[in-house]
Number of protein chains: 2
Amino acid sequence: MENSKLKEQVKAEFTAYLTLHKHRKTPERYAVLDHIYSIKGHFDMESLLNSMLESNFRVSRATLYNTMELLLCCNLVVRHQFGANVAQYERAYGNENHDHLICQRCGKIKEYKNNNPAFTTSQKKYLQRFQISYYSMYIYGICSKCIAAHKTEDRKLKKSKNNNTQIKKK
Amino acid sequence: MENSKLKEQVKAEFTAYLTLHKHRKTPERYAVLDHIYSIKGHFDMESLLNSMLESNFRVSRATLYNTMELLLCCNLVVRHQFGANVAQYERAYGNENHDHLICQRCGKIKEYKNNNPAFTTSQKKYLQRFQISYYSMYIYGICSKCIAAHKTEDRKLKKSKNNNTQIKKK
DNA sequence: ATGTATGCAAACCATTTGCAATGAC
DNA sequence: GTCATTGCAAATGGTTTGCATACAT
């Protein structure tokens with residue numbers, strides 16, 4: 001697959017980071033990186049662990065968290081916390097920055113490739129003293145499916161309201 | 001203070017929500033709302049609880065979480081999860097949407113009032129089937145202070161490469 | 001040879017949950 | 001009088017930590 005080229009690049013990037021910071025280049029670390037770059041979308045620790053175990057690479061949770069910390073530091077991975085309890089991760093290298101549409105009702109997350117320049121000139125000016133490594137845009141709302149479902153529900157509610165006891169609004 | 005007018009508005013908003021959804025209008029719920037709208041910036045559950053206890057209003061954590069859920073639902077409060085473990089909250093009504101600059105080194109969060117229109121026309125077109133209630137823009141990077149500190153540190157590092165203790169967690 | 005990284009299991013701690021008592025309706 | 005809501009305490013579960021062992025350098 002042509003994914004292998006990307007994997008080579010991130011591996012080189014990771015190696016550079018490890019060398020610079022005098023961290024050891026363990027097989028576990030490279031295996032974690034490789035697995036992450038085999039995943040396209042979001043993932044959490046549990047699924048990453050399972051995916052690695054399934055392909056017969058044994059890692060501990062501790063190592064996974066440890067490695068993830070390093071990958072976050074060198075911006076090869078990005079962490080999200082969409083409302084829920086578990087952190088979601090996502091590979092960051094060669095991954096166009098995109099917004100996230102998060103449905104507050106069903107919790108589904110849709111990616112939205114925003115083609116606009118990330119920051120306007122005036123923003124850049126303001127931000128020049130802040131060294132940006134990446135940004136995350138989370139757009140919360142109700143997805144079209146849930147809007148439809150909600151309308152149906154409302155209709156039912158109105159019916160039952162009319163049939164049953166009702167609270168008079170002054 | 002002229003904050004009281006705002007408080008009246010959100011109280012009315014909350015009442016409407018509670019009525020619509022047939023939830024009870026308990027003193028606890030209104031007290032929580034009132035306290036939240038006395039806080040200007042971000043806060044977490046612990047500090048909110050303490051603040052309430054200090055002003056002699058006893059609430060349980062359970063009620064706090066419960067009420068917060070309602071306030072999130074009716075968009076009177078927004079929840080953030082900036083990297084860390086604890087969720088941060090922020091009042092949402094009458095609060096201009098702003099971006100968050102999050103320093104990956106010191107963890108400090110700076111608000112950045114973005115004066116640009118939230119969405120371009122092309123974005124709006126794409127998003128028209130998604131009912132936006134609010135959005136959060138998180139910009140991660142290194143703040144100017146930390147950049148300076150880092151430079152100094154680097155200089156020291158070059159002099160004596162003994163400094164291995166980097167970011168030790170408490 | 002040295003000390004970092006791993007794996008395991010226990011600890012941590014914000015959040016959630018179960019249940020009896022309370023109080024809004 | 002009902003039953004949603006509260007408060008308390010215990011449970012949950014993702015993440016972190018301590019420590020003995022393994023292994024990168």
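These figures come from a predicted structure and were not determined experimentally. Naming convention: chains lettered A, B, ... in sequence-line order (proteins, then strands); numbering from 1 in each chain.
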Over how many whole Å does the gap from Phe43(A) atom CZ to dG14(D) atom C1' extend?
15 Å

Starting from C1' on dT2(D), measure out to NZ on Lys22(B) and report it in whole angstrom.
16 Å

Are Tyr140(B) and Tyr135(A) close enough that their ring centres sit under 6.0 Å apart?
no

Parallel, tilted or perpendicular: rings of Phe57(B) and His35(B) (30°, 60°)
tilted

Taking OP1 and OP2 of dG14(D), is either one under 4.0 Å from a side-chain nitrogen or oxygen of Arg79(A)?
no

Is the distance from OP1 or OP2 of dG7(C) to the nearest side-chain N or O of Arg58(A) less than 4.0 Å?
no

Answer yes or no: is there a side-chain heavy-atom contact under 4.5 Å between Tyr89(A) and Met45(A)?
yes

Give me the ring orientation class for His23(A) and Tyr17(A): parallel if the planes are under 30° apart, tilted from 30 to 60°, perpendicular past 60°.
tilted

Take the protein atom CG of Leu48(A) and the nucleotide atom C1' of dG14(D), then report the distance between them rounded to whole Å.
15 Å

At how many degrees, to 10°, do the end axes of the helix from dA1(C)-dT25(D) to dC25(C)-dG1(D) meet when each uses five pairs?
40°

Does Arg29(A) make a side-chain N or O approach to OP1 or OP2 of dT6(C) shorter than 4.0 Å?
yes

side-chain hydrogen bond (donor to acceptor under 3.5 Å, both in side chains) assessment of Asn50(A) paired with Ser47(A):
CA-CA 5 Å; Asn50(A) 290 336; Ser47(A) 62; over 6 Å; no

So, taking the atom named CZ in Phe130(B) and the one named SG in Cys146(A), what distance separates them when rounded to the nearest 0.5 Å?
9.0 Å

Atom NE2 of His21(A) and atom P of dA5(C): how far apart are they, to the nearest Å?
13 Å

When you get a sec, tell me which of dG7(D), dA14(C), dT15(D) is the closest nucleotide to the side chain of Val86(B)?
dA14(C)

Can you identify which nucleotide, out of dG7(D), dG7(C), dG14(D), has its nearest atom closest to the Ser60(A) side chain?
dG7(C)

Just how far, in rounded Å, is C1' of dA4(D) from CG of Leu18(B)?
12 Å

Pick the closest DNA chain C nucleotide for Thr67(A) and for Glu46(B) by heavy atoms, then say which residue is nearer the 5' end.
Thr67(A)

Rounded to the Å, how far apart are Glu69(A) CD and dT6(C) C1'?
16 Å

Can the ring centroids of His100(A) and Phe82(A) be said to lie less than 6.0 angstrom from one another?
yes

For the residue pair His42(A) and His98(A), does the interplanar ring angle fall in the parallel (under 30°), tilted (30 to 60°) or perpendicular (over 60°) class?
tilted

Would you kindly give the CZ-to-P distance between Arg61(A) and dG14(D), to the nearest whole Å?
8 Å

Have a look at Asn66(B) and say if it touches a base, only the backbone sugar-phosphate, or nothing, with a 4.0 Å heavy-atom cut-off.
sugar-phosphate

Give a yes/no on whether any side-chain N or O of Tyr65(B) is located under 4.0 angstrom from OP1 or OP2 of dT16(C).
no

Donor-acceptor side-chain pairing of Asn66(A) and Thr63(A) below 3.5 angstrom:
no

How does protein reach along nucleotides 19-25 of chain D, written 5' to 3' as B (base within reach of a heavy atom under 4.0 Å), S (only sugar-phosphate), or - (no contact)?
----BBS

Counting only N and O atoms by type, is there a donor-acceptor contact under 3.5 Å from the side chain of Arg129(A) to the main-chain atoms of Lys145(B)?
no

In whole Å, I'd like the distance from the CG atom of Leu49(B) to the C1' atom of dT6(D).
14 Å

